[in-house]
Asks: 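Just passing along the structure, written as structure tokens.
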Amino acid sequence: MNNILNQIGIENYIFLSVILFCIGVFGVLYRRNAIIVFMSIEIMLNAVNLLFVAFSTYHQDAQGQVFVFFSMAVAAAEVAVGLAILVSIFKNLGSIDINNLKNLKG
Amino acid sequence: MSSILIIFGVLAAITIATAFLTIYSRNPIHSAIYLVICFFSIAGHYLLLNAQFLAIVHIIVYSGAIMILFLFTIMLMNLNKENEVHKPRITRLGAIVSFCLISLVLIAIFVNSKPITDGSYDVLGEDYQSIKVLGKVLLNEYMVPFEFASILLLVAMIGTVLLSKKEKSEK
Amino acid sequence: MEKNLALVLVLAPFLGFLFNVFFGKKAGKNIVGIIGTLSVAVSFAVSLYFFLQINETKKPIIIDLFDWFSLQSFKINFGFLLDQLSLLWLLFVTGIGALIHLYSISYMHDDENMHKFFAYLNLFIFFMITLVIGSNLLVMFIGWEGVGLCSYLLIGFWHKNQDYNDAAKKAFIMNRIGDLGFLIGIFTIGFLFSTIDFVDLKEVVLGGTNSGNTLWIGIAALALFIGASGKSAQIPLYTWLPDAMAGPTPVSALIHAATMVTAGIFMITRMNFLFEMAPLIQNIIAIVGAVTALVAATIGLVQNDIKKVLAYSTVSQLGLMFLALGLGAYEVAVFHVITHAFFKACLFLGSGSVIHALHGEQDMRKMGGLKNVMKITFVTFLIASLAISGIPPFSGFFSKDEILMIAFENNITLWIIASLASIMTAFYMFRLLYLTFFKEFRGTEEQKHHLHESPSLITFPLIVLAILAAIGGLISLPGNSWLHEYLAPVLPAVINEEHAFGTTEYMLMTIAVIGGLIGIGIAFAKYIKQNQVPKEDAQIVGFSKILYNKYYVDEFYELIIVKPINVLSNFFRDTIETALSAVVFGFGKAAEAVGTKGKILQNGSIGFYLFAFVLGVCAILTCLFLAK
């Protein structure tokens with residue numbers, strides 16, 4: 001049984017993951033809507049997860065996938081809490097434009 | 001060109017395209033839908049790499065839970081139409097600059113690190129990632145983090161509930 | 001046993017000091033006085049015991065308390081050396097100290113800070129004892145500094161008057177100048193001989209391999225002499241002593257007549273072996289002593305404050321003692337120290353009695369005719385005056401005569417100077433006596449009504465001291481000197497030859513006595529026969545004015561030393577201080593500027609923070625990558 005990476009090549013996965021991550025970064029910096037920012041963060045997390053799984057296949061080791069498992073758990077928790085905060089902000093300020101969140105100035 | 005490579009290429013294209021569209025579209029609902037499609041394509045990648053358990057979990061957790069949360073929040077805030085003022089020019093420029101910068105850095109690092117082998121990837125010959133093996137590894141070596149993950153989720157739940165409570169003094 | 005007794009000796013006055021400081025105010029004036037006097041009396045008893053012991057065994061008692069600090073080749077102990085010299089000093093320091101404590105109980109009775117006074121007096125006795133029985137130069141220096149401190153505290157005792165405070169500061173600062181010399185001397189000696197313990201030093205110096213070091217030994221001796229002249233008020237560091245009369249009279253009697261000012265002589269006598277190796281310095285000491293004696297005597301001729309006359313008299317007598325030291329006659333100097341202590345203390349206490357009766361009046365032009373009212377004071381004062389004038393058979397005659405004899409043997413000029421000083425001493429002492437006690441009272445009617453003899457606590461010490469001044473000469477009669485025998489182990493062997501008594505000596509004695517009588521006669525003629533009274537301040541002209549203003553030495557010092565230092569201080573404050581402050585504050589200002597600029601980074605916008613975040617991650621990755 002051959003390693004599937006023989007046919008795809010690990011560098012492809014690396015590039016894919018890097019580009020996905022950079023798209024996520026771009027999204028974080030570019031958009032003003034806090035929800036979209038969150039989604040960009042999810043993209044970043046997924047990029048990393050993808051890379052972990054690719055390397056798990058590369059090393060033929062299950063530990064990479066275990067880490068992905070935990071990463072997903074953390075991502076879920078983070079989204080829950082983050083959205084709760086966002087809803088509170090929306091209730092207080094009326095909009096979710098991150099440029100309005102400037103009270104900690106100076 | 002082997003078929004697997006074609007499948008990989010298609011999946012990768014879908015992933016990148018939807019990710020880009022997520023951040024590019026005006027309507028947040030559209031962004032959410034694009035993101036769901038992106039997650040599905042990543043699950044396809046996982047299947048390609050023979051990580052079945054992870055693929056299913058990915059779909060359930062991300063598409064089935066997280067994106068639902070996002071959609072609920074978007075609908076709660078009535079963000080159907082979005083008239084977002086553009087950010088000042090310098091910010092957009094800064095964003096593009098940093099995008100290029102970080103992509104360059106990361107690629108450079110990966111390219112110049114330990115050289116990718118010449119194409120012969122080792123094969124263990126035995127099952128290393130089926131759900132049985134995964135379960136064993138998870139519950140033997142990673143028992144403590146496993147338990148902690150459950151506590152983490154508990155804490156997140158409590159936090160979320162607390163954050164959403166109405167303040168009695170304010171009303 | 002001896003160690004414990006020595007500790008009692010030293011610590012009894014210190015415990016008295018502590019008691020008076022902490023409980024004095026509550027305990028009340030009587031208890032304070034009794035405790036103060038008792039602690040000194042205890043020290044006197046212990047020193048008497050040791051004295052009798054040493055008189056028999058003739059061996060010094062060395063007590064080591066602890067190792068103070070020890071370098072590789074240089075060890076300094078903290079210990080006591082009780083030998084003949086220190087015990088002699090201890091006896092009269094504690095004895096006269098106890099008498100003066102007794103006197104102060106009555107004299108300071110009306111003062112509200114009496115407990116402080118006794119505390120300071122006790123502290124002074126403690127430090128003086130430490131000075132006298134220290135076994136090495138550093139322990140002596142502790143006592144040296146301590147007595148300077150107590151002198152400052154006691155001179156400025158009535159601190160509400162700024163003039164008194166200035167006098168106290170002047171005394172302390174001049175003492176400090178001398179102390180610098182003393183320290184330089186200690187360092188030089190330590191450097192030369194690797195020890196500063198007296199017993200060890202004597203062995204090393206007399207051991208005799210030091211002829212190549214004469215320059216350094218001379219420097220050490222000169223430095224020590226400067227220290228001694230600061231403490232014992234010789235030229236040029238004598239101007240503090242007349243100003244120190246601002247303190248209460250018991251202070252003047254104790255410190256500035258009998259004990260502290262003799263510390264310089266004590267130190268030189270202790271280090272006699274060193275001075276013997278520096279004959280040039282000895283000559284300097286003799287000349288300085290003689291000149292001081294003459295100059296101070298001339299100033300004393302025209303002073304009108306009763307205590308200032310006595311102060312200049314003290315400086316003059318100290319000059320005579322230094323003359324004797326400079327000529328190598330250490331035991332003669334010690335003898336004069338002892339007799340001077342007796343009669344000068346008696347004179348000061350007597351003047352205190354007069355001042356007390358006149359409620360603070362110190363100007364002799366307003367006194368007079370007191371001999372019928374204050375009989376005991378008058379008689380004791382008369383005895384002490386006769387003693388200081390050198391009239392036989394009182395003690396002053398014997399000691400002063402020995403000094404004149406030694407001076408005559410060595411250098412006629414010095415003998416002439418010393419004799420002139422003695423004649424003037426007799427004159428101004430009897431001038432003081434006549435103006436104060438004879439003729440009619442020149443003060444106010446109010447004072448005349450209140451004139452009475454002082455209470456017994458005041459007159460008792462006067463009587464004791466007058467008796468001692470009268471018979472004190474017995475300890476060193478010419479030809480049969482107990483003191484000579486007693487001090488022989490401590491002093492150099494060369495000078496111990498007794499000269500036979502021939503016609504020269506008898507002639508010199510007669511000349512000295514006649515000189516004294518001439519002085520008394522002139523005073524008698526002026527103030528009794530011609531009934532003269534000294535002029536008011538505004539009417540003094542001519543040479544008298546120069547003398548009255550002390551040769552303007554104080555003004556000279558002010559011009560030459562004090563003003564330049566003030567200018568220098570102002571310079572430092574104005575330029576250097578501001579520059580340094582600018583530098584120090586500049587650091588603060590720089591930090592503040594950086595902070596103000598850096599505040600811009602914290603503008604609160606999340607977008608900016610995220611941007612910075614990404615940049616930071618890139619930077620770290622690049623660095624890590626490049627570092628490989």
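Computed from heavy atoms alone, side chains included, the values below leave out hydrogens, waters and symmetry copies.
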Asks: Give the ring-plane orientation class for A/Phe67 versus A/Phe52, where under 30° counts as parallel, over 60° as perpendicular and anything between as tilted.
Replies: tilted

Asks: What part of A/Ile23 lies closer than 4.5 angstrom to a heavy atom of chain B: side chain, backbone, both or neither?
Replies: both

Asks: Side chain, backbone, both or neither: which part of A/Leu16 has an atom under 4.5 Å from a heavy atom of chain B?
Replies: side chain

Asks: What part of B/Ser25 gets within 4.5 angstrom of chain A, counting heavy atoms only: side chain, backbone, both, or neither?
Replies: backbone

Asks: Chain B heavy atoms under 4.5 Å from A/Val18: which part of the residue, side chain, backbone, both or neither?
Replies: side chain

Asks: Looking at chain B, which one of A/Ser56, A/Gly24, A/Ala47 has the largest number of heavy-atom pairs inside 4.5 Å, strictly under?
Replies: A/Ser56

Asks: Please round to the nearest 0.5 Å and tell me the distance separating atom OH of A/Tyr58 and atom CG of B/Leu49.
Replies: 14.5 Å

Asks: Please check if the side chain of B/Ser98 supplies one atom and the backbone of B/Ala95 the other of a donor-acceptor pair under 3.5 Å.
Replies: yes

Asks: Does any backbone or side-chain atom of B/Ile96 lie under 4.5 Å from a heavy atom of chain A? Answer side chain, backbone, both or neither.
Replies: both

Asks: Considering only heavy atoms, which portion of A/Val74 lies under 4.5 Å from any heavy atom of chain B: side chain, backbone, both, or neither?
Replies: both

Asks: Please look at A/Phe21 and chain B and tell me whether the side chain, the backbone, both or neither of the residue comes under 4.5 angstrom of a heavy atom of that chain.
Replies: side chain

Asks: Taking every non-hydrogen pair under 4.5 Å, which of A/Asn49, A/Val37, A/Ile19 racks up the most with chain B?
Replies: A/Asn49

Asks: Between A/Gln63 and B/Tyr142, do the side chains contain a donor N or O and an acceptor N or O under 3.5 Å apart?
Replies: yes

Asks: Does any part of the side chain of B/Ile59, heavy atoms only, come nearer than 4.5 Å to the side chain of B/Phe39, both counted from C-beta?
Replies: no

Asks: To the nearest 0.5 angstrom, please state how far the CD1 atom of A/Ile96 sits from the OG1 atom of B/Thr73.
Replies: 9.0 Å

Asks: With a 4.5 Å limit on heavy-atom distance, are the side chains of A/Glu78 and A/Phe38 in contact?
Replies: yes

Asks: Below 4.5 Å, heavy-atom pairs only: which of B/Ser164, B/Cys100, B/Ala19 has the largest tally toward chain A?
Replies: B/Ala19

Asks: Using a cut-off of under 4.5 Å on heavy-atom pairs, state which of B/Met157, B/Glu141, B/His58 scores highest against chain A.
Replies: B/His58

Asks: Which atoms of A/Asp97 come close to chain B, meaning under 4.5 Å heavy atom to heavy atom: side chain ones, backbone ones, both, or neither?
Replies: neither

Asks: Measuring from atom CG of A/Leu86 to atom NZ of A/Lys91, what distance do you get when rounded to the nearest 0.5 angstrom?
Replies: 12.0 Å

Asks: Please classify the contact of A/Leu50 with chain B as side chain, backbone, both or neither, using a heavy-atom distance under 4.5 Å.
Replies: both

Asks: For the atom pair CD1 (A/Ile35) and OG (A/Ser40), what is the distance rounded to the nearest 0.5 Å?
Replies: 11.0 Å

Asks: Chain A contacts: which residues in residues 61-71 of chain B have a non-hydrogen atom closer than 4.5 Å to it?
Replies: B/Val61, B/Tyr62, B/Ile66, B/Leu69, B/Phe70

Asks: Check the orientation of B/Phe20 and B/Tyr24. Use parallel for under 30°, tilted for 30 to 60°, and perpendicular for over 60°.
Replies: parallel

Asks: If we only count heavy atoms from C-beta on, is the A/Met72 to B/Leu54 side-chain gap below 4.5 Å?
Replies: yes

Asks: Is a side-chain N or O of B/Thr22 found less than 3.5 angstrom from the main chain of A/Met39, in a donor-acceptor match?
Replies: no

Asks: If you count heavy-atom pairs within less than 4.5 Å of chain B, which of A/Gly82, A/Ser88, A/Ala84 leads?
Replies: A/Ala84

Asks: Measure from the side-chain N and O atoms of A/Gln65 to the backbone N and O of A/Ala62, and report whether any donor-acceptor pair falls under 3.5 Å.
Replies: no

